[in-house]
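Everything on this sheet refers to the single structure shown next.
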Protein chains: 2
Amino acid sequence: MPTDAPTPSRVRASDGLRQVALEQFSTIGFAASSLQHIADQAGYSKSSVLYHYSSKEALLEAAIGPAVDALEELLDDFVASGRSVEARAEFIQRFVDFLLGNRLAVHTFVNQGQSLRGTPVIERANTAIRGLADSICEADAPLSEQMRFGVALAGAAYTLVAGATFLEEGRRAEAEDADVRAALISVLSELLIPAEGRPTR
Amino acid sequence: MPTDAPTPSRVRASDGLRQVALEQFSTIGFAASSLQHIADQAGYSKSSVLYHYSSKEALLEAAIGPAVDALEELLDDFVASGRSVEARAEFIQRFVDFLLGNRLAVHTFVNQGQSLRGTPVIERANTAIRGLADSICEADAPLSEQMRFGVALAGAAYTLVAGATFLEEGRRAEAEDADVRAALISVLSELLIPAEGRPTR
DNA sequence: TCAGGAGCTGACCGATCGGTCAAGTACGGT
DNA sequence: ACCGTACTTGACCGATCGGTCAGCTCCTGA
């Protein structure tokens, strides 16, 4: 029954539910998100949610699966492209774009990748993240190098993603994505692209 | 009246519960941690947990409160000490030590600071984190500078804390804290201590 | 010896969880 | 008119949640 929200074009119920669920999962966490709450927020009943998605876990899969796919592809391409400075530079760009385009999903599986172990899609995400760390930084690299990479990747992900938590309260929109993108690429390049001799500054 | 010394050698039950709870909260999350599970793991009954801590929230307060106190003190000292290069350097050291000494607690309130909004101790933690960001980087600083600080702080916190999630699986102990400390201080110094010629604000 | 507090526990409570199920509605094709 | 399909829902289920309570076992000080 189209009680309200006479949306101009067709909006698939499952898409709306997926989006609402993603917002819930990323903000209050998967465990704390109830199907009832998600249903209420989306304007459906709990039963409807379970009609479109066979379980809460399936809803999680639908919500963050595409982002995990994108991350895996990003990783594969980077591994295939070698470790040259050019490859790193392109990877950084694509990585930042990935973060900007999948903030909520990244927030979800980065922040809850530990607590949700056992969930297939989360396992995929964790594997990809670990692969990212391994491939961008060899195991025999000095600890300070490993730390540099860890700080860069985690810092970038968390800044975008939990910046939403701490750094502002809704008035964030002014910071254009393009500006954020440029600034983030700049900082990551400093950290990840080895300058001749020593640290980039 | 609880005399101070009657049970000195005995391990206080409340301490054990606090530690177990901290591990649970940081690994599987506050919402997903049940009092029953914490009690089982600590070898007590759920009722005993609620005897020592009047509520699940009180248990969280006991688990991460001290770390939040330390963070607040760290922040106050840094604000009082000005923004000189020396002050920054000392702050970085103390910050890294704080992270190393409070990994689980930091993991908890960094990762769940958003989902647990409303909890007093979490509110304190969020306020401190925001204060940290504000004080180390003025609001009118260029975006790239803000991003640099965000990446540094978040990256450092997350590398230590979620390194536990991704980077190893129990065989981490070999990486001495002292080495990690040195490497982390080095990376943070690169990012946070303004080099000559670079506009820091 | 005994009173009493600290520590601990099982039984129990109402609420909510994820999930099942059958019934009901709307609608397009025939 | 009839059927099939897609969709939505409330009633209901067993499990578990955080939390209360009465009562148990110790230990200690008087």
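On a predicted model such as this, the values are computed, not experimentally measured, just so you know. Sequence lines set the chain letters: A, B, ... in the order given, protein chains first and strands last, and positions in each chain run from 1.
- Judged by distance alone, with hydrogens and angles left aside, Lys46(A) brings no side-chain donor or acceptor close enough to the base of dG10(D) to form a pair under 3.5 Å.
- Spacing between atom OH of Tyr53(B) and atom C1' of dC8(C) amounts to 15 Å, rounded to whole angstrom units.
- Atom pair Gln36(A):CD and dA11(D):P shows a separation of 12 Å (rounding to whole Å applied).
- In this structure, Leu50(A) reaches the bases: a heavy-atom distance under 4.0 Å links it to at least one base atom across the strands shown.
- Ring planes of Phe30(A) and Phe25(A): tilted class, angle from 30 to 60°.
- Rounding to whole angstrom units, CG of residue Leu59(B) and C1' of dC17(D) are separated by 15 Å.
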Stepwise side-chain contact (heavy atoms from CB on, under 4.5 Å) test for Ile92(B) and Ile193(B):
CA-CA 9 Å; Ile92(B) 289 173; Ile193(B) 297 190; 4.0 Å; yes

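- Distance, Ile38(A) CD1 to dT16(C) P: 16 Å, rounded to whole Å.
- For His52(A), whose side chain is taken as the heavy atoms from C-beta onward, the closest listed nucleotide among dT9(C), dT8(D), dC17(C) is dT8(D).
- Considering only side-chain atoms of Tyr44(B), the nucleotide from dC8(C), dC21(D), dC21(C) that sits closest is dC8(C).
- Ranked by how close their nearest DNA chain D nucleotide is to the 5' end, Ala31(B) and Tyr51(A) are led by Tyr51(A).
- As a whole-Å value, the separation of Phe30(A) CZ from dC17(C) P is 13 Å.
- Side chain Lys56(B) to base dG19(D): no donor-acceptor pair is found below 3.5 Å.
- Of the side-chain N and O atoms in Ser34(B), none sit less than 4.0 angstrom from OP1 or OP2 of dT16(D).
- Checking side-chain atoms of Ser84(B) against main-chain N and O of Ala87(B) turns up a donor-acceptor pair under 3.5 Å.
- Side-chain contact annotation: Asp40(A) with Gln36(A), donor-acceptor N/O pair under 3.5 Å present.
- We find that CD of Glu57(B) is positioned 18 Å from P of dC17(D), with the value rounded to whole Å.
- When distances run from any side-chain atom of Leu35(B) to the nucleotides dG18(D), dA11(D), dT9(C), the shortest one goes to dG18(D).
- A donor-acceptor pair under 3.5 Å is absent between the side-chain atoms of Tyr158(B) and the main chain of His107(B), judged by distance alone.
- Among the protein residues, Ser48(B) comes within range of the nucleic acid bases, having at least one heavy atom under 4.0 Å from a base atom.
- Listed nucleotides dC17(D), dG10(C), dT9(D) differ in distance to Ser47(B); the shortest reach to its side chain belongs to dG10(C).
- Here dG10(D) is the nucleotide among dG18(D), dG10(D), dT9(C) with the atom lying nearest to any side-chain atom of Ser45(A).
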